[in-house]
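Please read the structure below before turning to the comments.
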Amino acid sequence: MKDKLNQIKEEALRQIRESKTLEQLNEVRVSQLGKKGALTELLKGMKDVSPEDRPKIGQLVNETRSEIEKVLEDAKKKMEAIVLEARLSKETIDVTLPAKSMKVGNMHPNTRALEEVEKIFIGMGYEVVEGPEIEKDYYNFEALNIPADHPAKDEQDTFYISGDILLRTQTSSTQVHEMEKGKLPIRMIAPGRVFRADEVDATHSPSFHQIEGLVIDKHITFADLKGTLAVFAKELFGEDTKVKFRPHHFPFTEPSAEMDVSCFKCGGKGCRFCKGEGWIEILGCGMVHPHVLEMSNIDPNEYTGFAFGVGLERIALLKYEIDDLRLLYENDVRFLRQF
Amino acid sequence: MNAAKNWLKKYVPDLNVTDQEFMDGMTLSGTKCEGYHAMDRNLEKIVVGQIEKIEKHPDADKLIVCQVNVGSETIQIVTGAPNVKEGDKVPVVLDGGKVAGGHDGSPLPEDGIAIKAGKLRGVESFGMMCSIEELGSDRNMYPEAPEDGIYIFPEDTKVGEDAVEVLGLHDTSFEFEVTSNRVDCYSITGIAREAAATFGVDFVPPVVNETGNGEKVEDYVSVEVQDPDLCPRYCARVVKNIKIAPSPQWMQRALASSGIRPINNLVDITNFIMEEYGQPMHAFDLDTVAGHKIIVRRGKDGEQFQTLDGQMRTLDSEVLMICDAEKEIGIAGIMGGENSKITDDVKNVLFEAATFNGVNIRKSAKRIGIRSDASGKFEKGLDPNNAEAAINRACQLIEELGCGEVVSGMIDVKEPIKPLVTLPFEPDFYNGLLGTDIDKDTMLSIFKKLEIAYDESTNMLTMPSFRQDLLGKADLAEEVARFFGYDKIPQTLPKGEATTGKLPFKLEVEKIASRVAMYYGFSQGMCYSFESPKVFDKLLIPEGDALRSAIKISNPLGEDFSIMRTTSLNGILSSLSTNYNRRNKDVRLFEIANVYRPKALPLTELPDERSTFTLGMYGEGDFFTLKGVLEQLFDELGITASRKYDPSNKKPFLHPGRQADIRCKDAVFGYIGEVHPMVCDAYDIGTRAYVAVIDLPVVLPFVTFDRKYEGIAKFPAVTRDLSMVVPKDVCVGNIEEMICQRGGKLLEELKLFDVYEGDQIKEGFKSVAYSLSFRDKEKTLEEKDVSGAMKKILNGLESIGIELRA
């Protein structure tokens, strides 16, 4: 009996060694361990074994079975590994072949720039508002301290519709709408389309975009204006950006300033990009003129505020190094896909 | 406004800074300097030499050999210049020196031209004699220079001197951008006053002495101002026995440094005053002034007048004219008349220095079509006090230059001059507005430099008359800030109540629309808000259609930009066309921008500005691709109500069989369709194109960002297939509507899985097949529940004449 067991084991191990495929291994399992397999057949001979030897033989049979099973399992694992390896090797692809195109569309560079600006100011607690593009003279000019005969109102600059209705020349008109709501404090930015009678060329467009900013509260100072816009410049153009404020004149702010940022290309040393100046003019700003506050029923003795206006196209052109304004309105996808 | 350093230094003699420091300092105090150029740039080793001897060149007919005394030595120079003779004093650039340019006056090379000793046709030459062009200038600025040849100095010039110095070219011209509120800075003295305050040195204005021969001006001329609203002040003086001659070199150089060509002493004096004081003056030939009387009055409509440039001008009743007893002799503040202009034979002159209404001058100049230096200054609104100062300064120069005999006295016709503005001194307000802690004394010393007088007893400040921009306390805060230094003001952030930053609902929705479009490969375009009225024809929009009621711009840049768009179609189609004609494949574009719908025309109230989401595409994809984008958008916007695509409302610009209005409940969200082939043709798009236009204000009320979890179904679904044959022109939308209506709550989903027309189907019909899915959220469905629902559906379909397939 013992010899027979040994024989079965040897035979099984030999068959396992000689198996080349998983199928062959499976055949070994069936022929040796299966219901009609050699081991099962052997067990049928147990009846001839003396009762006292039976437990011992039974244990021997089980041991043989588990020994074969183990070898079989190991062989199977090895074999599976070989098969997998063969499959993987067969499935090798040329990873340098082109990607399958699943192109998403692209944002207009103006929008990309606007979203950056919005993010900065929303983070500082500013609400984004809008105003009408076709506007009353009062909101575009008069309420901003630009009286009837001011040169800025000349037809060569402003598109008129009829009577006191015109295409707004500046988003500053939204300042007035916001102040008239009578809800203070105000922290807002107002992006939008504006219009001026400029012929189309590489640096001019009769239609472009501005972002207006307005803060009105008690004790707002020129220092606050400087600090806020310095944060804005750093966020937009990089941590190392420096700002410079130069006195300027706008009818609706006093004091007024223009802000330059250090050239983000050369860091202020002077290069072709900043025309050797090291600085790039970026926006106009100032403290809201007391007369402007008064006209919108805000007491200038109690409240002060600052305002600023920045050209969106100017930011987009600078940031993305676009050299011709006309590209922004042609909508050639070869241009748009770069943003 | 150009101002040269040497001229400025006459009034700020202690100014001692480099050109760059000057530019930066002036810019930071508010007089923005755009740049400067050194007039002696690339002029090196150039001295005054005297030609002692001229001989012919042995081997060249057109060259001569000169021995030139340059002070320290005598050198040999070979030249081809035709105009020199022995004894002439000329500019000589020595060996190793530099000149600015060539003698032909072509653009100056960046680094100038280096001059070295060498041989010309075998004869040694140790330098070069220079023309005015080689010295970087021209005959406009040096009228005495010969047309073609070497510049010759006056006989009394010292040999060996720095020739650049003698020519007055050691000078720098600064270009300033003066803001419109600072009329006073359109003058050399105005800039000088700012410079003095900026650099903390004294401002020394010109000293004007009384002039005159003792005679009375009233005996020579009288002035009547009939329209004082347009001429608040008119000052007149008379100069007799005019002797026309070139003006002295210092005056010529001053004018040239401002870019003004010297002409003669009389003209140069008026130009000099215009620059120095910012006050334009006019000189009339007194002997041509009929009745020796000046009348200032409005012109007559349609009248013709010849200005001194020889042009005929058409007048109107809003143009202010200077007239004599009989006729017009000048357009006030703009240009004098041909009939009274100064000639070389002039004997007696009437000087005018006046103040005119700036707005009137600006508008008149524009209507007439002249913008002179004078009108450019007058239109800014000049200080009436300046007229008197300027005319007296001019007469002083007349006497100094020996240009004529000044008659004593001045005729002065004026409206009451506005009293000077006074404001209280409010240091706390200035500091509060600026966020600074500047002490009172610093503030007062700034005001003092600006000639703002302070009366301690009343605590009042008085503004100088030339500062018409100082009207309120914020203006004074700015003056403090400018000279304290904007750069010294600290940077802080606003304190006070916190506010929430946010995008309004509408902009959030627009952002989602953009995002969905971009997911599906649409790139964002931007189009103009104005376009040509011809677009309606291109879009086949019939006469009388509401879309043709567009707002017109009264002063457009041209017909192509003359109406505010009522539809976004032209923009998107033009953009598709641009791409198509540049051979870009598979183009998908979207735009979110306004269209403008007037409530009535002509506009009396603001129009309806409607934010419009427009999609356009050609190439890969079709109608249903675009429809898919829209459906995805509506899902993203949380619109649960079903959309109905209604093909019945035909739009002329879309394919008649491939278009639909998008309806939801009672609202029309917009439309979608294939562009009509004729419209494609008109836009030069040679392929099928698809557009969708969504009127966002209509969609907004349906949008919600709220989401509620509804649970995941626990009980199994039961599916049934449904196949039917329907007439070809029945829209599946109608079938679906019926199925949904009859399927009730149990019907969870219906999926169209086949539409077939062909062999097995009779002519004019199509086969449509759906897979319906039923589910009850509360329990497992039983067969009878499903068959009940199916029966209702089948009955419903039969009721609208739909035949079920076996």
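Letters A, B, ... mirror the listed sequences (proteins, then strands); counts begin at 1.
Interface remark: Pro490(B) contributes backbone and side-chain atoms alike to the contact with chain A (heavy atom separation under 4.5 Å). Using a 4.5 Å cut-off between heavy atoms, Leu507(B) contacts chain A through its side chain alone, with no backbone atom that close. Contacts between Leu166(A) and chain B at a heavy-atom distance below 4.5 Å are absent for every atom of the residue. Of the atoms belonging to Glu605(B), it is backbone heavy atoms, and not side-chain ones, that fall under 4.5 Å from chain A. If you measure heavy-atom distances from Thr27(B) to chain A, the contacts under 4.5 Å come from both the backbone and the side chain. With a threshold of 4.5 angstrom between heavy atoms, Lys218(A) does not approach chain B through any atom at all. Of the two parts of Asp475(B), the backbone and the side chain both hold a non-hydrogen atom closer than 4.5 Å to a non-hydrogen atom of chain A. With a 4.5 angstrom heavy-atom cutoff, Lys502(B) touches chain A via backbone and side-chain atoms both. Both the backbone and the side chain of Thr228(A) come within less than 4.5 Å of a heavy atom of chain B. Proximity to chain B involves both the backbone and the side chain of Met107(A), based on heavy atoms less than 4.5 angstrom apart. Contact of Thr436(B) with chain A is not made at all, since no heavy-atom distance falls under 4.5 Å. Looking at Asp198(A), the atoms closer than 4.5 Å to chain B (heavy atoms on both sides) all sit in the backbone: N, CA, C or O. Using a 4.5 Å cut-off between heavy atoms, Asn181(B) contacts chain A through both its backbone and its side chain. Of the two parts of Ser29(B), only the backbone, made up of N, CA, C and O, holds a non-hydrogen atom closer than 4.5 Å to a non-hydrogen atom of chain A. For Asp149(A), the parts lying under 4.5 angstrom from a heavy atom of chain B are both the backbone and the side chain. With a 4.5 Å cut-off on non-hydrogen atoms, Lys511(B) touches chain A through its side chain but not through its backbone. Of the two parts of Leu493(B), the backbone and the side chain both hold a non-hydrogen atom closer than 4.5 Å to a non-hydrogen atom of chain A. Heavy-atom distances place no part of Asn357(B) under 4.5 Å from chain A, backbone and side chain included. With a 4.5 Å cut-off on non-hydrogen atoms, Leu28(B) touches chain A through its backbone and its side chain both. Looking at Glu258(A), only its side chain comes within 4.5 Å of chain B, counting heavy atoms on both sides. Neither the backbone nor the side chain of Phe335(A) comes within less than 4.5 Å of any heavy atom in chain B. Contacts between Glu497(B) and chain A at a heavy-atom distance below 4.5 Å involve backbone atoms as well as side-chain atoms. Looking at Ile220(A), the atoms closer than 4.5 Å to chain B (heavy atoms on both sides) sit in the backbone and in the side chain alike. Only the side chain of Pro290(A) comes within contact range of chain B, with at least one heavy atom under 4.5 Å from a heavy atom of that chain.
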Please step through salt bridge (charged side-chain N to carboxylate O under 4.0 Å, His left out) for the pair Glu479(B) and Arg467(B), ending with a clear verdict. CA-CA 11 Å; Glu479(B) 298 307 292; Arg467(B) 288 300 303 274; 3.1 Å; yes

With side-chain contact (heavy atoms from CB on, under 4.5 Å) as the criterion, how do Leu293(A) and Ile216(A) come out once you've worked through the C-alpha distance, each side chain's angles and the decisive distance to 0.1 Å? CA-CA 9 Å; Leu293(A) 292 173; Ile216(A) 294 183; 3.6 Å; yes

Could you go through Glu531(B) and Asn570(B), starting from their C-alpha distance and side-chain angles, then the distance that decides it, and tell me whether this counts as side chain to side chain donor-acceptor pair (under 3.5 Å)? CA-CA 8 Å; Glu531(B) 53 198 17; Asn570(B) 175 62; 2.9 Å; yes

Quick one: do Glu127(A) and Arg187(A) satisfy salt bridge (charged side-chain N to carboxylate O under 4.0 Å, His left out)? Show the steps, please. CA-CA 6 Å; Glu127(A) 194 176 340; Arg187(A) 283 183 194 182; over 6 Å; no

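Checked against the 6.0 Å centroid criterion, the rings of His177(A) and Tyr139(A) qualify as a close aromatic pair. For Tyr430(B) and Phe222(A), the ring centers are positioned 6.0 Å apart or more. With ring centers used as reference points, Phe195(A) lies under 6.0 Å from Phe530(B). Taking the six-membered ring for Trp, Phe121(A) and Tyr126(A) have ring centres closer than 6.0 Å.
Contacts with chain B were tallied for His289(A), Glu130(A), Met287(A), Glu118(A); Glu130(A) has the most, counting heavy-atom pairs under 4.5 Å. Highest contact tally toward chain A, considering only Lys552(B), Arg482(B), Lys506(B), Arg582(B), is held by Arg582(B) [criterion: heavy-atom pairs under 4.5 Å]. Among the candidates Asn594(B), Thr578(B), Thr31(B), Leu557(B), the residue making the largest number of heavy-atom pairs closer than 4.5 Å to chain A is Leu557(B). Ranking Ile189(A), Leu167(A), Val129(A) against chain B, the residue ahead of the rest is Leu167(A), based on heavy-atom pairs under 4.5 Å. Options His219(A), Lys226(A), Lys103(A) differ in how many heavy-atom pairs under 4.5 Å they form with chain B, and the most are formed by Lys226(A). Chosen from Arg193(A), His291(A), Glu199(A), the residue pairing most often with chain B at heavy-atom distances under 4.5 Å is Arg193(A). Ranked by heavy-atom pairs shorter than 4.5 Å toward chain A, the options Gly485(B), Pro556(B), Cys527(B), Ala498(B) are led by Cys527(B). Among Ser256(A), Pro300(A), Ala257(A), Pro255(A), the residue with the largest count of heavy-atom pairs under 4.5 Å with chain B is Pro255(A). Of the listed residues (Thr179(B), Val359(B), Leu589(B), Asn584(B)), the greatest number of heavy-atom pairs within a distance under 4.5 Å of chain A belongs to Asn584(B).
Within a 6.0 Å sphere centred on CD of Glu115(A), heavy atoms belonging to other residues, nucleotides or ligands number more than 12.
Interatomic distance, Leu336(A) CG to Arg112(A) CZ, rounded to the nearest 0.5 Å: 11.5 Å. We find the CG-CD distance between Leu114(A) and Glu313(A) to be 10.5 Å, quoted to the nearest 0.5 Å. The CD atom of Glu426(B) sits 11.0 Å away from the CG atom of Leu433(B) when rounded to the nearest 0.5 Å. In this structure, CG on Leu615(B) lies 12.0 Å from OH on Tyr520(B), to the nearest 0.5 angstrom.
Residues Phe522(B) and Val104(A) fail the side-chain proximity criterion, which asks for heavy atoms closer than 4.5 Å. Contact annotation: the side chain of Ile551(B) approaches that of Ile134(A) to within less than 4.5 Å [non-hydrogen atoms, C-beta and beyond].
In this structure, a donor-acceptor pair under 3.5 Å is present between the side chains of Tyr36(B) and Gln20(B). When only modelled atom types and interatomic distance are considered, Tyr596(B) and Ser529(B) share a side-chain donor-acceptor pair under 3.5 Å.
In this structure, Tyr329(A) and Tyr528(B) have parallel ring planes: the angle between them is below the 30° cut-off, well short of the 60° mark. Aromatic ring pairs are classed by plane angle as parallel below 30°, tilted from 30° to 60° and perpendicular above 60°; the pair Tyr618(B) and Tyr580(B) is perpendicular.
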